[in-house]
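Each ligand, and each atom within it, is numbered from 1 in the order the structure gives. Keep in mind that this is a model prediction, so the values were computed, not measured.
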Amino acid sequence: MLVYLTAECCGYPISIFFIVVNEFCERFSYYGMRAVLVLYFRYFLLWDDDLATSIYHAFVALCYLTPILGAIIADSWLGKFKTIIYLSIVYAIGQVTMAISTIHDITDANRDGTPDNFTFHIALSMLGLILIALGTGGIKPCVAAFGGDQFQEHQSRQLNTFFSVFYLCINAGSLLSTLITPVLRAQECGIHTQQQCYPLAFGVPAVLMVISLVVFIAGSGMYVKTDPEGNIMWSVCKCIGFAIKNRFRHRSSSYPKREHWMDWANEKYDKLLIAQIKMVLKVLFLYIPLPMFWTLFDQKVSICHFSGLLGGLPDQMQTVNPILILTLVPIMDRLIFPLIQKCGLNFSPLKRMTVGMLFAAMAFVSAALVQIEIDKTLPNFPSSSESQLKVVNTYSTTLNVTISPNEHLLIESFGVQLHTSKHTYSTISCMFVNGYTADLNITNLDSIEPSATTNYTLVNQGKRDFVLRHGEQWCEFSRKFGFGASYTFLIPSTVFSDDCESITEVEDMKPNSVHMALQIPQYFLITTGEVMFSVTGLQFSYSQAPKNMKSVLQAGWLCTNAVGNIIVLIVAELGKLPKQWAEYLLFASLLVAVSIIFSIMAYFYTYIDPAEIEAQVRKEQGLEPEEMEKETLEMEEKDEDQKNEQGVKQTKI
Ligand SMILES: NCCC(=O)N[C@@H](Cc1c[nH]cn1)C(=O)O
């Protein structure tokens, strides 16, 4: 039995410091680049909105697919350490390529501020993005698993904390970069002409990626490095293939049943390999309902969307999630989970994940309740069998209008009756009705003819100034606007004689009266759910994987998120319910359904200690030498001692 020691600090291996910093820099680099990517497509490459968002989504989807590749390279060929180094180099080259593609001066021969050769910039940036997708996805499962590898058997508590800190770093990196890179872009820079500074916005992520690589290499001497045991994924595929074939050959009932279908590979394959495959398959089976969870979870975007109306800007809302994560992760890890444990409850990983799902469901219920409150403040919109009419009276006295034989409207002078325009809740709109005898010019609006109206125009919240102009005559007026409101301004013929005093304001839709604070519970609920689910999922995927397939199972975990996100992209436009609150309740019930299915599957899952099972299988094999002869293929050249050594080969500091 070999015992290895690693440099430690406070019970933690020092090497994980480098891994955690590496993850922070890498996430900063990735999310920072992503934050300005659509802006770059729209305003630098001058693509239209559709193309820009399509390419953006294609890039994100590609980033979700590459982890499998990275995991196979790591577990079957190069090992995690080398895979991380090589793919980080690819990643850094990609970021630098991307940054170079944003320098307009390279092809701006006529110095007009726009590139002359768009093909050059597009080709360079697409190459950059492909390299980035390969790098970011490829190293992702390896970094988490490599971090886990630094811990020893007895450090399982520290291992769990590591994954919490790891998740913390992901969110700290994404928070800082999504705040910083758009600001960098807004700067002006350039050699010949000053333009928005894309090279800086993409250059800083590129520098961070280089730092990430340097930090990772700096820790080289301290890491526990495990080499891959040959081409494990190929062996796994062959072994599964053989088991299926063999099972099929012996399908007649005269053959005795075997406990597990993988046992049909017993004739030809190593018992250890079969045991390891069983572990992985059990976990992957458990993951089947999870993409559905991620799909629903991702709908939180729409919860955030309508929150814009309650005082914050939608842009800033993006940062609420990482900020809450930064506070909730330590609270969970240090306070809530230890407290639950103190109470003698066994809050096992799969239970935590199920409860996390239920928290997400509660967030949607809370969103539905808030939405119902908001709906109360909105006027009734006509149903499909009704229509609405708006009549503006610019005559000097009250008028009686008959619509159908028995429907009458009384409209005061400069009064308005009804309106039909339905607008998004997070905006304020207004329109002008020109009761003046000639054309009018209003700031930021087209000129309006007499007795005409402008369209509803979006304005910003707060106090706004308008200037009315006709030839030499003008007057100025200002109004305060509240979120969610809609106004009509009636301009009388006397408008210039009394300096805009006589403009009548009609409130078509009340500003939002639902309090901002009502948003807070749902943010807390959804983020609590995310922390419980995501962090525990990371830990679980690591702890339940056999030593030689840790990256692969991490990739499997990331895959659940990937599939969920790809489903979101596909069904984005489908299944819109007429009532927003009904949609939230639908999501909540689907989440509850998924959590019930998951909890049933989890009930039948037995937690394992992969190292223990591996040791046990090896022991059994040692006792039954005749079994050994059957291992003809994969491990034939290695004797038992060598295998043990391979399994725990660690660098001593
Ligand atoms: N909180 C959102 C930022 C974040 O955690 N991203 C993770 C992936 C993820 C998305 N949803 C939950 N987990 C990452 O980048 O690895």
Subject >> Proximal ligand 1 atoms for Lys140, defined as those under 4.0 Å from one of its heavy atoms >> reply: 14 (C), 16 (O)
**OP:** Number the atoms of ligand 1 from 1 as they appear, then name those within less than 4.0 Å of a heavy atom of Asn321, with their elements.
**Re:** 1 (N), 2 (C)
Subject >> Shortest non-hydrogen contact from Val535 toward Ser164 >> reply: CG1-OG, 3.6 Å
Original post:
Which of the atoms of ligand 1 are close to Arg27, meaning less than 4.0 Å from one of its heavy atoms?
Top reply: 14 (C), 15 (O), 16 (O)
Original post:
Which atoms from ligand 1 have a heavy atom of Trp294 less than 4.0 Å away?
Top reply: 11 (N), 12 (C)
Subject >> Candidate list Tyr605, Trp557, Phe163, test ring pair (Phe, Tyr, Trp, His ring centres under 6.0 Å), partner Phe540, passing option >> reply: Tyr605
**OP:** Return the minimal non-hydrogen interatomic distance between Gly94 and Ile132, and the atom names on each side.
**Re:** C-CG1, 3.7 Å
**OP:** Could you list the atoms of ligand 1 found under 4.0 angstrom from a heavy atom of Ile325?
**Re:** 1 (N)
Subject >> Atoms of ligand 1, numbered as shown, that sit under 4.0 Å from any heavy atom of Glu530 >> reply: 1 (N), 2 (C), 5 (O), 12 (C)
Original post:
Roughly how far apart are Leu558 CG and Leu65 CG, rounded to 0.5 Å?
Top reply: 11.5 Å
Original post:
Taking the inter-plane angle between the rings of Tyr40 and Tyr198 on a 0 to 90° scale, is it parallel (under 30°), tilted (30 to 60°) or perpendicular (over 60°)?
Top reply: perpendicular
**OP:** Among Tyr287, Phe533, Phe587, find the residue that satisfies the ring pair (Phe, Tyr, Trp, His ring centres under 6.0 Å) test when tested with Phe293.
**Re:** Phe533
**OP:** Check each atom of ligand 1 against the heavy atoms of Tyr31 and keep those under 4.0 Å away; list them by number with element.
**Re:** 3 (C), 4 (C), 6 (N), 7 (C), 14 (C), 15 (O)
Original post:
For Tyr30, is the nearest heavy atom under 4.0 Å from an atom of ligand 1?
Top reply: no
Original post:
Near Ile170, which atoms of ligand 1 are under 4.0 Å from a heavy atom of that residue?
Top reply: 4 (C), 5 (O), 6 (N), 7 (C), 14 (C), 15 (O), 16 (O)
Original post:
Closer than 4.0 angstrom: is that true for some heavy atom of Phe297 and an atom of ligand 1?
Top reply: no
Original post:
Are the ring centres of Trp581 and Tyr584 closer than 6.0 Å?
Top reply: no
